[in-house]
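This is a predicted model, so every value here is computed, not measured.
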Amino acid sequence: MIILPGRSSGLPTEQRTSTFTGTVWADPVLPTTDGVTINTVTFTPGARTYWHHHEKGQILHVLAGSGLICTEGKRPRTLRPGDVVWVPPLERHWHGAGPDSFMIHLAVSLGVTNWHDEVAESDYTATTDE
């Protein structure tokens, strides 16, 4: 058993750059342990991940603000505080803050994360499916 404090002790907040658009900060809750990584991620307005997929899936729990998530081939969906998202293994997707709001979510990533290309502005600004 591991009891985790609010964030992993001794690990700094990281500004994410190479696989994110905009300003994004991640606080490690659990460094990769048995293929599971947990981070609290803060996106500034308009900031988002690149397209990516997870070997064994991902769970997102929105804590504050509002954001967007999109599966390849679909329109973005709106995320609000309290929403929980299950992204199945190997599903190519992106997620981040809405254009006018920050978003904070807890990200539980299972297995290896594979990063792809940057999300085109036209994909980000596409009309959402509610």
Side-chain angles (χ1 to χ4, degrees):
M1 175 186 304
I2 299 173
I3 297 175
L4 303 169
R7 66 180 308 280
S8 189
S9 177
L11 295 174
T13 298
E14 303 170 348
Q15 185 172 6
R16 300 292 174 92
T17 56
S18 64
T19 54
F20 293 80
T21 298
T23 303
V24 178
W25 295 92
D27 277 306
V29 175
L30 176 72
T32 302
T33 303
D34 296 332
V36 176
T37 304
I38 304 174
N39 287 292
T40 301
V41 185
T42 302
F43 296 86
T44 58
R48 56 199 177 268
T49 67
Y50 280 24
W51 288 102
H52 63 285
H53 71 268
H54 303 274
E55 174 187 24
K56 296 182 180 179
Q58 184 179 48
I59 300 164
L60 303 173
H61 180 203
V62 180
L63 303 174
S66 64
L68 300 168
I69 188 165
C70 187
T71 297
E72 184 174 40
K74 303 207 175 180
R75 292 186 298 200
R77 307 254 332 250
T78 301
L79 296 173
R80 295 179 180 87
D83 289 351
V84 176
V85 178
W86 164 245
V87 181
L90 308 178
E91 183 173 284
R92 186 171 141 110
H93 68 287
W94 62 264
H95 41 96
D100 300 320
S101 177
F102 71 94
M103 181 181 72
I104 301 172
H105 69 40
L106 184 71
V108 181
S109 300
L110 308 172
V112 175
T113 300
N114 292 286
W115 293 99
H116 305 284
D117 49 321
E118 186 172 6
V119 174
E121 193 65 25
S122 59
D123 288 335
Y124 177 75
T125 58
T127 305
T128 62
D129 285 331
E130 290 292 333

Spacing of Arg75 atom CZ and Thr125 atom OG1 [to the nearest 0.5 Å]: 12.5 Å
Would you please test Thr37 and Leu30 for side-chain contact (heavy atoms from CB on, under 4.5 Å) and show each step? CA-CA 6 Å; Thr37 304; Leu30 176 72; over 6 Å; no
Stepwise side-chain contact (heavy atoms from CB on, under 4.5 Å) check, Val84 with Ile59: CA-CA 7 Å; Val84 176; Ile59 300 164; 4.1 Å; yes
Establish whether Leu79 and Val24 are linked, either directly or via other cluster members, by ILVMFWY side-chain heavy-atom contacts under 4.5 Å. yes
Identify the two heavy atoms, one from Asp83 and one from Thr78, that lie closest to each other, and give their separation to 0.1 Å. OD2-O, 4.1 Å
Within this structure, what is the NE2-CG distance for the pair His53 and Asn114, rounded to the nearest 0.5 Å? 3.5 Å
Exercise answer: donor-acceptor pairs, residues 97-112 side-chain atoms, under 3.5 Å, sequence neighbours excluded:
residue, atom, partner, partner atom, Å
Ser101, OG, Ser66, N, 3.2
His105, NE2, His95, ND1, 3.1
Ser109, OG, Gln58, NE2, 3.1

Phe20 ring center within less than 6.0 Å of Trp25 ring center: no
Set of residues satisfying side chain to side chain donor-acceptor pair (under 3.5 Å) with respect to His61, sequence neighbours excluded: none
Go through Tyr124 and Trp94 one step at a time and tell me if the side-chain contact (heavy atoms from CB on, under 4.5 Å) criterion holds. CA-CA 9 Å; Tyr124 177 75; Trp94 62 264; 3.6 Å; yes
Do Val87 and Trp51 belong together in a cluster built from hydrophobic side chains that touch within less than 4.5 Å? no
Ion pair present between Lys74 and Asp123, side-chain N to carboxylate O less than 4.0 angstrom? no
Using the ring of Phe43 (Phe, Tyr or Trp, six-membered ring only), decide whether Arg48 places NZ or CZ under 6.0 Å from its centre and within 45 degrees of its axis. no
Just to verify, which of Val41, Asn39, Thr49 counts as forming a side-chain contact (heavy atoms from CB on, under 4.5 Å) with Arg16? Asn39
When you group the ILVMFWY residues by side-chain heavy-atom contacts below 4.5 Å and let the links chain together, are Leu68 and Leu60 in the same group? no
Is there a path of hydrophobic side-chain contacts, each under 4.5 Å between heavy atoms of I, L, V, M, F, W or Y residues, that connects Val62 with Trp86? no
With rounding to the nearest 0.5 angstrom, report the OG to OH distance, Ser18 to Tyr50. 7.5 Å
Looking at His52 and His93, would you say the former's side chain and the latter's main chain have a donor-acceptor pair under 3.5 Å? yes
Indicate yes or no: at least one non-hydrogen side-chain atom of Leu63 is less than 4.5 angstrom from one of Thr40. yes
Just to verify, what does Glu118 make a side chain to side chain donor-acceptor pair (under 3.5 Å) with, not counting sequence neighbours? Thr21
